[in-house]
Amino acid sequence: MALATSKTGRTSGSRRARQSPGLFKGKSMTPYLFLTPFCVMFLLFFVVPIFYALYQSFFRSQRSGLGLGAPTVVFAGLSNYQQVLTDRSFFEGIGRMILFGIVQVPVMLALALVLALLLDSVTVRFKSFFRIAFFIPYGVPGVIGALLWGFLYNPQLSPLVQGLQAIGININFLNGNTILWSMANIVTWTYTGYNMLIIYASLQSIPTQLYEAASLDGCSAIGIAWRIKIPLVAPALILTCVLSVIGTLQLFTEPQVLSQVSNSITSSYTPNLYAYFMAFSNNNYNYTAALSVVLAVVTFVFSFGFLRLTQRQSGV
């Protein structure tokens, strides 16, 4: 009987040993099955378009004879990139966006940090309500938000402009001197709540024991925020800043919508708007591909350069 049990035990054990590799293999494949839809969509709608744009940038369309026939696509080598690097309109747009980012990004992130610190305060009530209220502008589609602010900027329709005129302040939000900062206001209104949530989530991960110890040492609420909270959420601030730099160089919706109500916004006002104009107004898709590739490289240089600079200063 004991022998049979021993044999049965060995048989069951060997059977489990033979089955365990298959079970382990099936379990190891489970994460990949869940990741497959994302990977497929990422490949089709992100990676493939990048390589296709890179491929298109080495060609150009040309017409032969009197130009009455259908255009032919010929290999152009680096001529499109040479034209981009000498395109004054493109680099003026980049310079305009750099100025935009130098002013708008710090203001937006400072406001997001202040709101996150206020929400993290123990004395603030109705935190859920304020989180939703601050996040709502980001939930509004970009075109709708730009149209809303375009109405508020219009001198003939805006109650805001008329109210300012009633107290003796005459300002045109759509002229050449103010239109850039009018767009900065729209972007700040849209993305402050989004960045605030990222910073607020980082604040929630800080152990409360640090606050209690600082309070016992006589540190005020402002001192806790300055000496504990802000240094510990520095990675979140860096992340939001990198995302803001990328978004600044890719600005498109706001100038596209406001160009319908303002003559100050030209077709090359921003790099993305210029690429859109070259593709759909001039039908120069190959040159647009080269513009897009160069803009992607410039965006990478600025964002990666900022990231390396902050890491060097923090000693990472």
Side-chain angles (χ1 to χ4, degrees), residues 25-61 71-85 87 90-91 93-94 97-98 100-101 105 138-139 141-143 187 190-191 194-195 197-198 201 235-236 238-256 268 270-311 316:
K25 183 177 180 180
K27 291 181 180 179
S28 66
M29 291 298 294
T30 301
Y32 298 101
L33 293 176
F34 282 103
L35 287 173
T36 298
F38 167 78
C39 293
V40 171
M41 300 297 286
F42 181 80
L43 180 67
L44 290 178
F45 296 102
F46 188 80
V47 177
V48 172
I50 288 176
F51 282 98
Y52 183 69
L54 186 63
Y55 169 78
Q56 287 285 339
S57 66
F58 293 107
F59 294 86
R60 61 182 173 87
S61 297
T72 58
V73 178
V74 297
F75 182 75
L78 298 176
S79 62
N80 286 327
Y81 290 99
Q82 182 180 2
Q83 185 178 351
V84 171
L85 296 178
D87 194 332
F90 177 69
F91 284 98
I94 290 180
M97 289 301 95
I98 291 174
F100 179 95
V105 172
Y138 179 75
V143 174
V187 175
T190 303
Y191 291 98
Y194 172 80
N195 292 312
L197 284 183
I198 296 177
I238 293 173
L239 172 64
T240 54
C241 190
V242 170
L243 294 177
S244 300
V245 170
I246 296 173
T248 296
L249 291 171
Q250 296 179 347
L251 191 66
F252 175 76
T253 302
E254 291 76 14
Q256 170 67 8
S268 60
T270 70
N272 252 355
L273 190 62
Y274 185 48
Y276 176 86
F277 171 78
M278 295 300 294
F280 297 103
S281 295
N282 289 1
N283 295 322
N284 195 345
Y285 300 105
N286 302 108
Y287 184 65
T288 300
L291 282 173
S292 302
V293 171
V294 174
L295 178 60
V297 173
V298 171
T299 304
F300 172 79
V301 169
F302 275 98
S303 57
F304 184 75
F306 172 80
L307 186 61
R308 290 299 301 168
L309 178 63
T310 54
Q311 289 177 344
V316 178

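Being a predicted model, the structure only gives us computed values, none of them experimental.
Smallest separation of non-hydrogen atoms from Pro49 and Leu44: CD-O, 3.3 Å. For the residue pair Phe306 and Cys241, the shortest heavy atom distance occurs at CZ-SG, 3.3 Å. Smallest separation of non-hydrogen atoms from Val294 and Phe90: CG1-CE2, 3.7 Å. Listed here is the closest heavy atom pair of Leu295 and Leu249: CD1-O, 3.8 Å. In terms of heavy-atom proximity, Ala53 sits nearest to Ala289 at O-CB, 3.3 Å. Heavy atoms only, all atoms of each residue included: Leu291 and Ala275 are closest at CD1-CA, 4.1 Å.
Atoms CG and OG1, on Asn282 and Thr288 in that order, are 8.0 Å from each other to the nearest 0.5 Å. If you take OH on Tyr138 and OG1 on Thr190, they are separated by 10.0 Å, rounding to the nearest 0.5 Å. Rounding to the nearest 0.5 angstrom, the gap separating the CG atom in Leu239 from the OG1 atom in Thr310 is 11.0 Å. Note: Gln256 CD to Tyr276 OH = 5.0 Å, rounded to the nearest 0.5 Å. Taken from CD1 in Ile238 to CG in Leu309, the straight-line distance is 9.5 Å, to the nearest 0.5 Å. Rounded to the nearest 0.5 angstrom, Met278 CE and Tyr285 OH are separated by 11.5 Å.
Using the six-membered ring where Trp is involved, Phe59 and Tyr55 have ring planes that are tilted, between 30° and 60° apart.
Under the 4.5 Å side-chain criterion, counting only non-hydrogen atoms from C-beta, Val293 is in contact with Tyr81. Here the side chains of Phe302 and Thr248 are not in contact, with every heavy-atom distance at 4.5 Å or above. Using a 4.5 Å heavy-atom threshold, the side chains of Phe300 and Ile246 count as separate. Using a 4.5 Å heavy-atom cutoff, the side chains of Tyr191 and Leu243 are not in contact.
With sequence neighbours excluded, the residues that form a side-chain hydrogen bond (donor to acceptor under 3.5 Å, both in side chains) with Asn286 are Gln56.
Remark: Tyr32 OH is loosely packed, at most 12 non-hydrogen atoms of other residues, nucleotides or ligands lying under 6.0 Å away.
In this structure, Thr270 contributes its side chain and Leu251 its backbone to a donor-acceptor pair below 3.5 Å.
Side-chain atoms of Tyr274 and Asp87 form a donor-acceptor pair, as typed in the model, at a separation below 3.5 Å.
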